[in-house]
Asks: 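One structure, as structure tokens, below. Some questions next.
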Amino acid sequence: MKTAIVTDSTAYIPEEIRIEHHIHMIPLSVIFGNESYKEEVEMKAEDFYEMMRRQKELPKTTQPSTGKFVELFEKLAKDYDAIISIHLSSGISGTYQGAVTAGEMVEGIDVYPFDSESSCMIQGFYALEAAKLAREGVNPEEIMKRLNELKAKSWAYFMVDDLTNLQKGGRLSGASALIGSLLQVKPVLHFVDKVIVPFEKIRTKKKALARITELFEEDAKKGTPLQACVIHANREEEAKAWIADLQEKFPNVEFTLSYFGPVIGTHLGEGAFGLGWMPK
Ligand code: MYR
């Protein structure tokens, strides 16, 4: 049984790692005015933040079309028996639904869409785990079971420098009065039932990062071996310093440095940070 692993660009798995693990990637796009760029292919994070800073209008983002999914799945059907397609939360993007619809349209291959209910490197960890199991010849149902087990024990908290982008892009859920009261602070955010909601109202960035570290610590001290990722929106040096600090406190945890690329960066804005983790 040969299973292909597909994920979308918002997992932000670097190209060389995708190639090494035979992970197929379908890009979402970011749109500036009339120009659309496939992220990770035509637009990299390095260029994106500078471009966003220069524009008055916020860029927009789009999911891959169902046609692009069909094209990819039909190509994979020539070499594989099944596909596991791992995507950003269905509560913030139609990408997962695109994979579901295309999976129903394509013949000759079984497609198993997986809703990460999160995004970024958390989604990347699922794709890497699925790729490892597929390489070992584990069947797709078992791989899906493992991914669902990991999902039940995975966490992600993040903070943005400014809530405006999230609010304007319509990706912040919760009572509007509460959201209004958050605009001047640095709330910690997380996913609940696939959508982004405020977790706690925190006044400063320093305190927000400390609170996220504390939430991680509560889980890490239970002793389950963990893998974790620190994710940043164009703040690599600060993210590296945070990882160094975390690594010193939690020497048994495997930390990965990752980034919010153009599509997620459009909604979170520059200066956002996140910490995600799950069992190893
Ligand atoms: C689309 O246009 O379909 C893409 C919409 C993407 C919305 C992104 C919202 C922010 C996600 C934050 C993820 C943080 C994970 C740690």
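We count ligands from 1, going down the list as the structure has it; atoms in each ligand are counted the same way.
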Asks: Are the side chains of Tyr112 and Glu141 in touch, meaning some heavy atoms are under 4.5 Å apart?
Replies: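 Answer yes - side chains close enough.
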Asks: Examine the proximity of ligand 1 to Thr266 and report which part, side chain or backbone, both or neither, has a heavy atom under 4.0 Å away.
Replies: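 The answer is neither; Thr266 stays 4.0 Å or more away.
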Asks: Does ligand 1 have an atom under 4.0 Å from some heavy atom of Gly274?
Replies: no
Asks: Using a 4.0 Å heavy-atom cut-off, which part of Thr10 comes near ligand 1: side chain, backbone, both, or neither?
Replies: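 Neither; nothing of Thr10 gets under 4.0 Å from ligand 1.
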Asks: Measuring from the heavy atoms of Ile122, does anything fall under 4.0 Å of ligand 1?
Replies: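 Outside the 4.0 Å threshold, so no.
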Asks: Hey, is Ile196 one of the residues with a heavy atom under 4.0 angstrom from ligand 1?
Replies: yes
Asks: Does Lys249 make a cation-pi contact with Phe216, if we ask for NZ or CZ under 6.0 Å from the ring centre and within 45° of the axis?
Replies: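 No cation-pi geometry.
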Asks: Answer yes or no: does an N/O atom from Ser118 fall short of 3.5 Å to an N/O atom of ligand 1?
Replies: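 Between Ser118 and ligand 1 (N or O atoms, distance only) the closest approach is not under 3.5 Å.
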Asks: Can you check whether Thr266's main-chain N or O pairs, donor with acceptor, with Asn165's side chain at less than 3.5 Å?
Replies: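 The answer is yes, because a donor-acceptor pair under 3.5 Å joins these two groups.
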Asks: For atom 3 (O) of ligand 1, find the nearest protein heavy atom and state the residue, atom name and distance (0.1 Å precision).
Replies: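 Protein heavy atom at minimum distance: Ser93 OG, 2.7 Å.
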Asks: Which atoms of ligand 1 sit under 4.0 Å from any heavy atom of His267?
Replies: 5 (C), 6 (C), 7 (C), 8 (C), 9 (C)
Asks: Is there a polar contact between ligand 1 and Thr95, counting only N or O atoms under 3.5 Å apart?
Replies: no
Asks: What is the closest protein heavy atom to atom 16 (C) of ligand 1, and at what distance does it sit?
Replies: Phe158 CD2, 3.9 Å
Asks: Starting from atom 2 (O) of ligand 1, which protein heavy atom do you reach first, and at what distance in Å?
Replies: Thr61 OG1, 2.6 Å
